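To start, the structure under review is shown below, and the notes come after it.
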Amino acid sequence: MDFNFNLREIATASMVLFAVIDILGSIPIIIGLRNKVGHIQSEKASIVAACIMVAFLFLGEEILKLIGIDVNSFAVAGAFIIFFLAIEMILGIQLYKDDEPESASIVPIAFPLIAGAGTLTSLLSLRAEYHVENIIVAIIVNIIFVYIVLKSSVRLEKILGKNGVNVIRKVFGVILMAIAVKLFATNINELLNH
C-alpha cells in the first residue's frame with residue numbers, strides 16, 4: 001500500500017476544514033453553551049467529531065453510490081455550500097440557522113458544530129481532488145486545534161476580542177470562497193467531460 005503524503009495537499013485540506021469548521025467563529029456559541037450548562041466535554045466532543053469525519057470520508061462515497069450520485073456531482077454541490085458559508089463569513093449574515101442546542105453534549109458541539117453538513121460535504125469534495133491520507137492528517141490537525149479552542153475558549157475570546165474574531169472569520173471567508181470556486185471549476189470540468 002502506497003502512501004502519498006503531500007505537504008501542499010495537507011496544508012490546503014487543513015485550511016479548507018479550518019475555514020468550514022470555523023471553530024474561532026463558534027467561540028461565542030461555545031461560551032454561550034458553557035454558561036448555560038456549566039461544562040463542555042472538550043475531549044469527548046473532539047474525538048466524536050474526528051470519528052464522524054473519518055467515517056464519512058470512507059463511507060460517504062458508498063452512501064452516494066447507494067443513492068446514485070457520483071463524487072463530482074456531490075463536489076459541485078459541496079462547492080455551492082462552501083460558497084454560501086463563505087458569504088456568511090464575509091458579510092456577517094446568517095443564511096442558515098440551527099435551533100438553539102439545549103445542552104453542551106456531543107450533539108451540539110461534535111455534531112453539527114464541528115462535523116456539520118458543511119464539513120462533511122467538504123470532506124467528500126476534498127476526496128474528489130486529494131489523497132485520503134492527506135485529508136486524514138488535515139482532520140487530525142483540525143481536531144487538535146478544535147480541542148485547544150474548546151479548552152481555552154474563554155481565554156481566547158478575551159485575547160482576540162470581538163473584532164479579532166470578526167477579522168479572522170472574514171479572512172477565512174475569502175479563502176473559503178476561493179476554494180469553493182476552484183472546487184466548482186475542477187469538478188464541473190470532470191462532469192462536462194464525461
Side-chain angles (χ1 to χ4, degrees), residues 10-60 78 81-82 84-86 88-90 92-126 133-176 179:
I10 292 168
T12 308
S14 295
M15 282 176 66
V16 170
L17 291 174
F18 180 78
V20 173
I21 293 169
D22 187 28
I23 196 68
L24 292 177
S26 299
I27 288 174
I29 299 165
I30 294 162
I31 288 167
L33 284 169
R34 183 168 271 149
N35 293 340
K36 251 188 239 174
V37 283
H39 175 66
I40 287 173
Q41 295 171 312
S42 309
E43 298 87 355
K44 205 172 181 182
S46 302
I47 291 165
V48 170
C51 291
I52 292 170
M53 288 159 77
V54 172
F56 196 79
L57 185 65
F58 287 103
L59 301 175
I81 290 175
I82 295 168
F84 287 119
L85 281 170
E88 280 187 341
M89 291 167 79
I90 295 164
I93 56 171
Q94 198 162 18
L95 300 172
Y96 174 76
K97 188 173 182 339
D98 257 335
D99 295 331
E100 275 292 302
E102 274 135 42
S103 69
S105 61
I106 286 165
V107 173
I109 292 179
F111 181 84
L113 201 66
I114 301 166
T119 308
L120 300 179
T121 307
S122 302
L123 285 171
L124 277 195
S125 301
L126 288 168
E133 52 270 32
N134 295 324
I135 300 169
I136 290 171
V137 173
I139 290 171
I140 293 165
V141 166
N142 272 279
I143 289 300
I144 291 167
F145 189 74
V146 162
Y147 173 73
I148 293 166
V149 170
L150 287 175
K151 269 291 189 210
S152 55
S153 55
V154 179
R155 204 175 317 129
L156 273 172
E157 195 191 34
K158 283 177 189 162
I159 293 166
L160 292 171
K162 205 170 173 75
N163 289 339
V165 172
N166 284 338
V167 168
I168 290 167
R169 282 194 79 166
K170 286 185 184 359
V171 168
F172 274 94
V174 173
I175 292 168
L176 205 54
I179 290 162

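Values reported hereafter were calculated over all heavy atoms of this structure, with side chains retained and with hydrogens, waters and symmetry mates removed. Small disclaimer: the values here were computed from a predicted structure and weren't measured.
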Could you work out, with side-chain hydrogen bond (donor to acceptor under 3.5 Å, both in side chains) as the rule, every residue matching N142, not counting sequence neighbours? none
Evaluation steps, side-chain contact (heavy atoms from CB on, under 4.5 Å), between I136 and F58: CA-CA 10 Å; I136 290 171; F58 287 103; 3.6 Å; yes
Under the side-chain contact (heavy atoms from CB on, under 4.5 Å) rule, what do I90 and L176 come out as? Steps first, then yes or no, please. CA-CA 10 Å; I90 295 164; L176 205 54; over 6 Å; no
Could you state the interatomic distance from CD1 (I109) to CD1 (I40), rounded to the nearest 0.5 Å? 3.5 Å
Approximate separation, where rounding is to 0.5 Å, of S46 OG and I144 CD1: 10.0 Å
Identify the residue among I139, V141, N134, I140 that makes a side-chain contact (heavy atoms from CB on, under 4.5 Å) with V137. V141
Does the side chain of V167 reach to within under 4.5 Å of the side chain of L160, using non-hydrogen atoms? no
Give the intermediate values and the outcome of side-chain contact (heavy atoms from CB on, under 4.5 Å) for residues I52 and V48. CA-CA 6 Å; I52 292 170; V48 170; 3.9 Å; yes
Quick one: pull up CD in Q41 and NE2 in H39 and give me the separation to the nearest 0.5 Å. 5.5 Å
To the nearest 0.5 Å, how far apart are OG1 in T12 and CD1 in I135? 11.0 Å
Can you tell me how far the CD1 atom of I27 sits from the CZ atom of R34, to the nearest 0.5 Å? 10.5 Å
Over all heavy atoms of both residues, which pair between G173 and A86 is shortest? Give the atoms and the distance, please. O-CB, 3.2 Å
Heavy-atom closest pair, residues T121 and G78: CG2-CA, 2.9 Å
First locate atom OG1 of T119, then atom CG of L126, and finally report the distance between them rounded to the nearest 0.5 Å. 10.5 Å
Nearest heavy-atom neighbours spanning I114 and A45: CD1-O, 4.4 Å
Going through the checks in order, is the side-chain contact (heavy atoms from CB on, under 4.5 Å) test met by R169 and L24? CA-CA 8 Å; R169 282 194 79 166; L24 292 177; 6.0 Å; no
Closest non-hydrogen atom pair between V20 and S122, with its separation: CG2-OG, 3.3 Å
